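In what follows, chains are A, B, ... by sequence order, proteins preceding strands, each numbered from 1. Below, each value reflects all heavy atoms present in this structure, side chains not excepted, and no hydrogens, waters or symmetry copies. What you are looking at is a predicted structure, and each value in this text was computed from that prediction instead of being measured.
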Amino acid sequence: MLDKKLLRGDIEAVRVNLARRGFVLDTDAYRALEEQRKAIQVRVEELRNERNVKSKGIGAAKATGEDIQPLLDAVQSLGEALKSADTELGAVQAQLGELQMGLPNLLHDSVPDGADEAGNLEIRTWGEPTALAFTPRDHADLGAALGQMDFAAAAKLTGARFTVMQADLARLQRALIQFMLNLHTEAHGYTEVYAPYIVNGDSLRGTGQLPKFGEDLFALQGDQEYYLIPTAEVPVTNLVRDEIIDAQRLPLKFVAHTPCFRSEAGSHGQDTRGLIRQHQFEKVELVQIVQPEHSYPALEELTGHAETVLQKLGLPYRVITLCAGDIGFGAAKTYDLEVWIPSQDRYREISSCSNYQDYQARRMAARWRNPHTGKPELVHTLNGSGVAAGRALVAVMENYQQEDGSIRIPEVLRPYMNNQEVISV
RNA sequence: GGAGAGGUGGCCGAGUGGUCGAAGGCGCAUGAUUGGAAUUCAUGUAUACGGUAACCCCGUAUCGAGGGUUCGAAUCCCUCCCUCUCCGCCA
């Protein structure tokens, strides 16, 4: 959510910034609604004030034993006027709130222009695209040949876009997760979090998935507004919802491994093969809650933490800055890490690291007490994959494949694999 | 699932129809005391929105959430959520 004061004070600046995303803000409509709101609100508050004053008068009169009937008569008509004005106000505020919740975040100045992913900017690369002396096979092939990755079985159990893994591959994914969690907790100073995989609507509104992107979520049936989490970002970031955090506790750095559930609505036909795009996948997520002035250094740091994972795994990657047209709804700035995928002869996203500034914090009412002002102020929130385990598995399988279809296990994972060096039939 | 007790400010905790944004305490801030500190004393200390350019002032709202009764609700009624205790069940 954006600062309402900014929307009132300089909506033109907001319009210009959001236009970079291709988002059209109808400033006239917003202003009109806002003026309406103000007028009605003032009226409601005046009516309420009048009622309060008169009611107090009744209380005082009663205490002195006066006849209160004339006073009661005088206040009679107020109730109805107040009720209808209040209803009107509620309707306008609901409209305004919907509009406000539907506005994406303002972009940071450093975000490059661009309409779509073609406008993303490469910042740096690490390693060289893996050179294989033979034609690389994709991970689905490799996994099937090993008899350890079975999409048909998953289709039987559930449907499309799920997988069943067994034996060494199943263990390799677990090794990746363990490795990442240990790295972030031991070397990068994150606190490991175990959190619910089901969250309520307030949490999703807090981080920005709702109200606009409900289509991407799996909603549970029942009386409660429950959803499967699309990312650990949701439960972990919402830890600070409605909290006022002591300054000395910041920054909060959390790491969590969770499965992620995404309906992938609107992506039919994309990446239908293999593990790249699934309804359920494993991810290790990094979340930081920081003081506002620290959030951009924190974004660099957090991105570096995700990069360390890939470096230690020996996976070639590049870092890109998402352009205005490709960046996510709530993010002010995002770096994507893209890992080399030999079978596709290109880089594919494996991590996305974003600074949300105060956008999520405002929705969540997540604040810290600024010792200089003594007042609660909004924190800044960041998150990034550190990294997606399913895609990391893909990258390891494909980059470490050998001509005979066996897969070498990266050194750093061997301790988690009983020192096994190769996965083969 | 059954029975009971509760959800009040940064925290703890009073408050059963009006003068309650809410006693008291803790914490915090400022000042006094002190060589300095601790102790002690004094004063201050919620958030959001609106009137405003304004952190002064004024108004409105907020005592788990939503509805209702009433001139007036933290307080009464209804529904829901959550926490705790006991029983049952259970990985």
Side-chain angles (χ1 to χ4, degrees), chain A residues 1-11 13 30-31 33-97 99-101 194-206 220 222-227 235 238-250 252 289 291-292 358 361-379:
Chain A
M1 208 155 70
L2 301 181
D3 187 355
K4 286 184 206 127
K5 288 203 175 94
L6 182 64
L7 283 167
R8 228 173 297 135
D10 194 359
I11 194 169
Y30 188 88
R31 269 207 210 91
L33 203 56
E34 175 62 25
E35 260 172 53
Q36 213 182 331
R37 190 222 92 239
K38 185 187 283 192
I40 301 170
Q41 183 169 333
V42 167
R43 200 166 82 234
V44 167
E45 290 185 358
E46 279 171 358
L47 283 169
R48 235 195 281 271
N49 178 235
E50 197 180 336
R51 186 203 65 189
N52 288 349
V53 168
K54 287 187 173 161
S55 291
K56 263 185 191 168
I58 291 172
K62 220 174 172 182
T64 61
E66 285 176 47
D67 178 18
I68 59 168
Q69 195 52 48
L71 293 167
L72 286 179
D73 293 342
V75 84
Q76 200 95 46
S77 57
L78 270 177
E80 217 168 300
L82 180 58
K83 195 168 231 176
S84 77
D86 202 28
T87 304
E88 204 182 334
L89 179 62
V92 172
Q93 272 175 336
Q95 263 186 74
L96 207 52
L99 235 158
Q100 286 159 352
M101 287 295 271
Y194 172 79
Y197 302 157
I198 293 172
V199 292
N200 58 34
D202 284 340
S203 292
L204 288 156
R205 278 182 284 276
L220 270 57
D223 300 333
Q224 313 259 24
E225 193 188 10
Y226 280 169
Y227 301 85
N238 273 282
L239 285 173
V240 298
R241 172 152 53 88
D242 295 320
E243 299 287 338
I244 298 174
I245 303 156
D246 288 339
Q248 65 265 25
R249 288 185 60 210
L250 297 175
L252 294 173
I289 312 294
Q291 298 179 14
D358 61 13
R362 188 172 288 108
R363 287 170 168 249
M364 294 190 297
R367 296 169 296 176
W368 66 297
R369 197 171 289 280
N370 184 337
H372 299 299
T373 62
K375 298 285 182 188
E377 296 173 14
L378 296 171
V379 296

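- Between A/Lys4 atom NZ and B/rA48 atom P there is a gap of 11 Å when expressed in whole angstrom units.
- Taking A/Pro292 as the reference, A/Trp368, A/His380 meet the side-chain contact (heavy atoms from CB on, under 4.5 Å) condition, with sequence neighbours excluded.
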Below 3.5 Å, can you tabulate the donor-acceptor pairs from side chains in residues 240-248 of chain A to any protein atom, sequence neighbours excluded?
unit_1	atom_1	unit_2	atom_2	d
A/Arg241	NE	A/Asn238	OD1	2.8
A/Arg241	NH2	A/Ser203	OG	2.8

Report summary line: Protein-proximity profile, nucleotides 53-70 of chain B, B/S/- by nucleotide at the 4.0 Å heavy-atom cutoff, equals ------BSS---------
For residues 54-61 of chain A, tabulate all N or O donor-acceptor pairs below 3.5 Å that involve a side-chain atom, not counting sequence neighbours.
unit_1	atom_1	unit_2	atom_2	d
A/Lys54	NZ	A/Glu50	OE2	3.2
A/Ser55	OG	A/Arg51	O	3.0

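- Residues passing the side-chain contact (heavy atoms from CB on, under 4.5 Å) test with A/Tyr226 are A/Ile198, A/Asn200, A/Leu220, A/Gln224, sequence neighbours excluded.
- Phosphate contact (OP1/OP2 of B/rG72, side-chain N/O of A/Lys54, threshold under 4.0 Å): absent.
- Atom pair A/Ile40:CD1 and B/rG51:C1' shows a separation of 17 Å (rounding to whole Å applied).
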Between the protein and nucleotides 75-81 of chain B, which nitrogen or oxygen pairs are less than 3.5 angstrom apart?
none

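- Contacts of A/Gln100 classified as side chain to side chain donor-acceptor pair (under 3.5 Å), with partners at least two apart in sequence or in another chain: A/Tyr30.
- Pairing analysis of RNA chain B (Watson-Crick: purine N1 to pyrimidine N3 plus N6-O4 or O6-N4; G-U wobble: N1-O2 and O6-N3; both under 3.5 Å) yields stems of 3 or more pairs at B:1-7 with B:81-87, B:10-12 with B:24-26, B:27-32 with B:40-45, B:46-51 with B:57-62, B:64-68 with B:76-80.
- Take A/Ala91 and apply the side-chain contact (heavy atoms from CB on, under 4.5 Å) test, not counting sequence neighbours, and it matches no residue.
- Of the residues in residues 85-96 of chain A, none lies under 4.0 Å from RNA chain B by heavy-atom distance.
- In this structure, the CD1 atom of A/Ile245 is 18 Å from the C1' atom of B/rG27, given to the nearest Å.
- Looking at which nucleotide of RNA chain B each of A/Arg37 and A/Arg367 is closest to, the 5′-most match is held by A/Arg367.
- Scored by the side chain to side chain donor-acceptor pair (under 3.5 Å) test, A/Asp10 finds no partners at all (sequence neighbours excluded).
- A/Ile58 comes within contact range of at least one nucleobase, with a heavy-atom separation under 4.0 Å.
- Residues meeting the side chain to side chain donor-acceptor pair (under 3.5 Å) test with A/Asn49, sequence neighbours left out: none.
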